2 protein chains.
Amino acid sequence: MSRIGLTAQRKLILDIVSEASDHPTASDIIDRLKLQGQTVAYATVYNSLRYLTDQGLIRELKLEGDASRYDARMEDHQHIVCTSCGRVDEVMTEIPKDWLRQIEAETGYSITEEQLLFKGVCAECRTSNNKAVQ
Amino acid sequence: MSRIGLTAQRKLILDIVSEASDHPTASDIIDRLKLQGQTVAYATVYNSLRYLTDQGLIRELKLEGDASRYDARMEDHQHIVCTSCGRVDEVMTEIPKDWLRQIEAETGYSITEEQLLFKGVCAECRTSNNKAVQ
DNA sequence: CCCTTTATTTAGACTTAGTTTAAATTTAGA
DNA sequence: TCTAAATTTAAACTAAGTCTAAATAAAGGG
Ligand SMILES: [Mn+2]
Ligand SMILES: [Mn+2]
Ligand SMILES: [Zn+2]
Ligand SMILES: [Zn+2]
């Protein structure tokens with residue numbers, strides 16, 4: 001059996017996602033490839049992101065905006081986005097199990113996945129906002 | 001001051017969203033207008049949905065898929081989507097307050113909004129799936 | 001009422017994010 | 001080395017929605 005899979009292009013893209021801490025979009029990734037002097041076709045970036053997602057090496061996030069973001073943190077976690085500056089941060093606090101059981105009881109579903117997005121104002125924005133007001 | 005606002009076209013669209021229980025997309029709404037023999041321009045449907053959302057008469061949901069869905073239930077609630085048949089149901093169970101406080105403590109954000117999407121298998125799909133297996 | 005101003009609707013062009021197609025290139029492995 | 005399968009590529013295409021500019025409709029002062 002062939003187990004190449006992780007071609008040069010895919011590796012470049014995986015590295016960018018792994019090293020990023022800002023949950024980059026496909027377009028961010030294209031920009032960063034250009035900055036590195038690497039030339040990867042537009043369609044290859046999308047194909048690679050799909051491949052890496054299917055392989056479970058990265059995960060696709062649909063948060064604010066139209067463009068998907070990508071995350072190489074595979075531990076179970078959620079996200080919070082600042083409505084003032086747009087930054088996306090991790091939410092590692094676990095979802096209360098008994099709350100999930102309650103939702104299953106309410107809806108009759110058996111839950112297999114949670115996609116939770118919180119919105120709010122980050123510490124930095126609260127600080128600079130206060131400064132601006134004073 | 002003028003307070004027309006709710007024009008004939010906007011009212012038609014508000015009624016469709018209000019009477020629907022399936023969180024319809026813009027395209028669903030266009031289909032239902034056609035079924036009613038009503039003719040509303042494509043752009044007007046989108047303009048109206050934005051207007052109604054801005055007025056707080058309906059809310060826009062970004063769940064699975066590319067198209068926004070619309071909901072006239074304005075009470076604070078969340079959604080769950082069946083990964084087998086695609087139906088979208090309401091989740092009325094409240095978010096645990098102390099959990100939100102925990103997330104605020106973890107992230108440093110002050111949370112202003114929660115957009116929670118659960119995925120799972122609905123009761124009907126579990127039943128028919130069991131039948132298929134037997 | 002009549003006229004002017006403002007709001008709304010409309011058709012169609014345009015945009016953004018992503019997918020598909022078909023040819024060219026690369027790689028695997030017999 | 002040679003062939004078949006996998007991957008990359010450029011460019012066409014799609015889906016969902018926005019924008020533009022003209023046409024229509026409503027408002028409100030006189
Ligand atoms: Mn993350
Ligand atoms: Mn709902
Ligand atoms: Zn911020
Ligand atoms: Zn179902």
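Quick caveat, the model's predicted, so the values are computed rather than measured. Throughout, a chain's letter reflects where its sequence line sits, starting with A, and its residues are numbered from 1.
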Worksheet item: If only side-chain N and O atoms of B/Thr44 are considered, is one of them under 4.0 Å from the OP1 or OP2 phosphate oxygen of C/dT10?
Response: yes

Worksheet entry | Rounded distance in Å - CG (A/Leu61) to P (C/dG18) | 12 Å

Item to complete: May I have the distance from A/Glu64 (atom CD) to C/dA17 (atom C1'), rounded to whole angstrom?
Response: 16 Å

Worksheet item: OP1 or OP2 of C/dT27 sitting under 4.0 Å from any side-chain N/O of A/Thr7?
Response: no

Worksheet entry | Qualifying residues under salt bridge (Lys or Arg N to Asp or Glu O under 4.0 Å), relative to A/Glu124, sequence neighbours excluded | A/Arg87

Worksheet, complete the sentence: B/Gln38 atom CD is separated from C/dT10 atom P, nearest whole Å, by 11 Å

Fill in: Rounded interatomic separation in angstrom, taking CD1 from A/Ile30 and P from C/dA17
10 Å

Fill in: Separation of C/dT9 C1' from B/Leu12 CG (nearest whole Å)
13 Å

Discussion item. For D/dA25 and B/Gln9 - does any side-chain N or O of the residue sit under 4.0 Å from the phosphate oxygens OP1/OP2?
Written reply: no

Within the sub-3.5 Å range, which N or O atoms of nucleotides 12-18 of chain D have a protein N or O partner, and how far apart are they?
residue: D/dG17; atom: OP1; partner: B/Ser68; partner atom: N; Å: 2.9
residue: D/dG17; atom: OP2; partner: B/Tyr46; partner atom: OH; Å: 2.7
residue: D/dG17; atom: N7; partner: B/Tyr42; partner atom: OH; Å: 2.5

Worksheet item: Does B/Tyr51 offer a backbone N or O that forms a donor-acceptor pair with the side chain of B/Asp54 under 3.5 Å?
Response: no

Discussion item. Could you tell me how far apart B/Ile13 (CD1) and C/dT8 (C1') are, to the nearest whole angstrom?
Written reply: 12 Å

Worksheet item: Once you round it to whole Å, what is the distance between P of D/dT9 and CZ of A/Arg10?
Response: 11 Å

Item to complete: Return the value, rounded to whole Å, for the distance between atom CG of A/Leu49 and atom P of C/dA17.
Response: 14 Å

Discussion item. For residues 102-116 of chain A, which residue pairs pass the salt bridge (Lys or Arg N to Asp or Glu O under 4.0 Å) check, not counting sequence neighbours?
Written reply: A/Arg101-A/Glu104, A/Glu113-B/Lys119

Worksheet item: Looking at side-chain heavy atoms only, is the closest gap between A/Ile29 and A/Leu33 below 4.5 Å?
Response: yes

Item to complete: Quick one: look up who C/dA30 pairs with, Watson-Crick or G-U, both distances under 3.5 Å, and put none if it's unpaired.
Response: D/dT1

Worksheet item: Residues two or more places apart in sequence or in another chain: which of them pass side chain to side chain donor-acceptor pair (under 3.5 Å) with A/Asp31?
Response: none

Worksheet entry | Residues which pass side chain to side chain donor-acceptor pair (under 3.5 Å) with A/Asp66, listed by chain and number, not counting sequence neighbours | none

Worksheet item: So which pairs with a foot in residues 67-79 of chain A pass salt bridge (Lys or Arg N to Asp or Glu O under 4.0 Å), sequence neighbours left out?
Response: A/Arg73-A/Glu90

